[in-house]
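Each remark here refers to the structure printed beneath this line.
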Amino acid sequence: MLSHWLLALWVTAAPQVTVDDDARVDADGVARGVEGRLGADAEAWTIEVSAAEGGAKISARSPGRAIVAQAVSLPSGASIEERTIMVASAAAFAIEAAPGQEQPASDHDPDLPATANADHVAFIPPWWIAAQGHAAVGLGPLDPSGGIALDAGRWLGPRRHVRASASVGWVHARNEPLTVHAVRPGVQVDAGAALCEKTWLGAGIGVGAVGGWAFDRARASAWALSLRVPVTLDVVLGGPVIFRGSAGVDVQTPSLRFRGASRALRWGTVRPFAAAALGLRFG
């Protein structure tokens, strides 16, 4: 029986086995015994056998598996060969029963490019505030206008697909001696995706109003509803600082016409615009 057991143990891909001298166990015999039971799976294991009261103590490790700790009772009068067989058998059965280690949840977002996930894992501040400069022209008479705005908003969810914002701006136009000032409040929703770790591209739609005041020999004011359709590119410049460039069209109804004593300005229904902003992320 003993010779049959030892013959079955003779295989090549054995685990690494370390044995204390006091354990009175043959390391090579344990390695062959475990490999004979587990086959090629045994090669990944590292096994340590140490002396213990009444027998031996087994400790085994392998990547991705739970640590195995097993105590084995051995007859005091058993030979080294017999002790080796019993230790190898106990180690093999304990390793077979060892559960796999639970893998930690992955932070990878399959909806983002690999580089964008790196930004996501490092945490993306959900809020931002930005100062924006913008200019617009008409499709008939150009009647250019320009101004500044304060924009604030946040991402809706962790995947950087949708964001919402609110803004208030000031617009100025001049055709001497006629001068026009206007306020422009609005809200906007954008949808898009990260192109890489620091760049985001999207498009949106915003609704708001335009209220203008004309100054010449007399004063006049007018209001219109506004619809903004932009394409936006965000670039992280470093740390919390972001650059945002956008372009699109403003649709106003009704169109606004300001007539002075000798000059006129017209903000038509459709006005192409371009804007650039610097902002800070936080939260």
Side-chain angles (χ1 to χ4, degrees), residues 126-156 162-192 200-234 241-283:
W127 293 92
W128 78 84
I129 186 167
Q132 180 189 91
H134 56 85
V137 296
L139 295 180
L142 290 180
D143 286 345
S145 62
I148 58 175
L150 184 66
D151 183 40
R154 70 162 291 152
W155 295 103
L156 304 180
V162 181
R163 68 185 181 197
S165 61
S167 66
V168 59
W170 166 76
V171 185
H172 174 69
R174 179 179 298 228
N175 190 2
E176 289 288 359
L178 177 63
T179 301
V180 174
H181 298 273
V183 294
R184 186 185 185 96
V187 295
Q188 184 171 308
V189 175
D190 297 276
W200 184 91
L201 179 65
I205 186 168
V207 294
V210 178
W213 288 264
F215 298 87
D216 199 340
R217 292 181 182 177
R219 297 184 180 184
S221 62
W223 283 86
L225 296 177
S226 174
L227 179 70
R228 171 164 284 193
V229 183
V231 174
T232 303
L233 179 69
D234 278 13
V241 182
I242 58 172
F243 169 81
R244 177 169 298 158
S246 59
V249 294
D250 285 331
V251 181
Q252 297 173 170
T253 180
S255 61
L256 298 178
R257 184 177 179 87
F258 304 97
R259 183 181 296 276
S262 59
R263 295 287 190 270
L265 281 170
R266 181 175 180 269
W267 291 351
T269 303
V270 178
R271 287 177 64 81
F273 77 92
L278 282 177
L280 296 175
R281 306 184 299 173
F282 62 96

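Index from 1, following the sequence. Source: prediction; values computed, not measured.
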Over all atoms of both residues, closest heavy-atom pair of [X] and [Y]:
| X | Y | value |
| --- | --- | --- |
| Leu280 | Val241 | CD2-CG2, 3.9 Å |
| Arg271 | Ala136 | NH2-O, 3.3 Å |
| Ala276 | Phe243 | CB-CE1, 4.0 Å |
| Pro144 | Ala173 | O-CB, 3.7 Å |
| Leu178 | Leu265 | CD2-N, 3.7 Å |
| Pro230 | Ile205 | CD-N, 4.2 Å |

Can you confirm whether [X] sits close enough to [Y] that some side-chain heavy atom of one is under 4.5 Å from a side-chain heavy atom of the other?
| X | Y | value |
| --- | --- | --- |
| Ser246 | Leu233 | no |
| Val171 | His134 | yes |
| Val162 | Val189 | yes |

Task: Audit row: Ile129, Leu150, side-chain contact (heavy atoms from CB on, under 4.5 Å) steps and yes/no - done: CA-CA 7 Å; Ile129 186 167; Leu150 184 66; 4.0 Å; yes
If I take atom [atom1] from residue [X] and atom [atom2] from residue [Y], how far apart are they, to the nearest 0.5 angstrom?
| X | Y | atom1 | atom2 | result |
| --- | --- | --- | --- | --- |
| Phe215 | Ser221 | CZ | OG | 9.0 Å |
| Phe273 | Ser145 | CZ | OG | 11.5 Å |
| Ser165 | Arg154 | OG | CZ | 13.0 Å |
| Thr232 | Leu201 | OG1 | CG | 8.5 Å |

Task: Ring center gap for Phe258 and Trp267 short of 6.0 angstrom - done: yes
TODO: Evaluate the side-chain hydrogen bond (donor to acceptor under 3.5 Å, both in side chains) criterion for residues Ser167 and Arg184: first the C-alpha distance (whole Å), next the side-chain angles of each, then the deciding distance (0.1 Å), finally the verdict.
DONE: CA-CA 8 Å; Ser167 66; Arg184 186 185 185 96; over 6 Å; no
Which salt bridge (charged side-chain N to carboxylate O under 4.0 Å, His left out) pairs, counting each pair once, include a residue from [range], with sequence neighbours left out?
| range | result |
| --- | --- |
| residues 134-153 | Asp151-Arg244 |
| residues 213-233 | Arg228-Asp250 |
| residues 163-181 | Arg163-Asp190, Arg163-Asp234, Arg174-Glu176 |

- [ ] Take atom CZ of Arg259 as the centre, draw a 6.0 Å sphere, and report whether it contains more than 12 heavy atoms from other residues, nucleotides or ligands.
- [x] no
Open item on the list: Given Gln252, which partner from the list Leu227, Val210, Val270 fulfils the side chain to side chain contact (heavy atoms under 4.5 Å, CB included) test?
Closed with: Val210
Open item on the list: Over 60° means perpendicular and under 30° means parallel, so tell me whether Trp223 and Trp213 are parallel, tilted or perpendicular.
Closed with: perpendicular
- [ ] Using atom types as modelled and distance alone, determine if a side-chain donor or acceptor of Arg281 lies under 3.5 Å from a backbone N or O of Trp128.
- [x]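 No, because the side chain of Arg281 does not come within donor-acceptor range (under 3.5 Å) of the backbone of Trp128.
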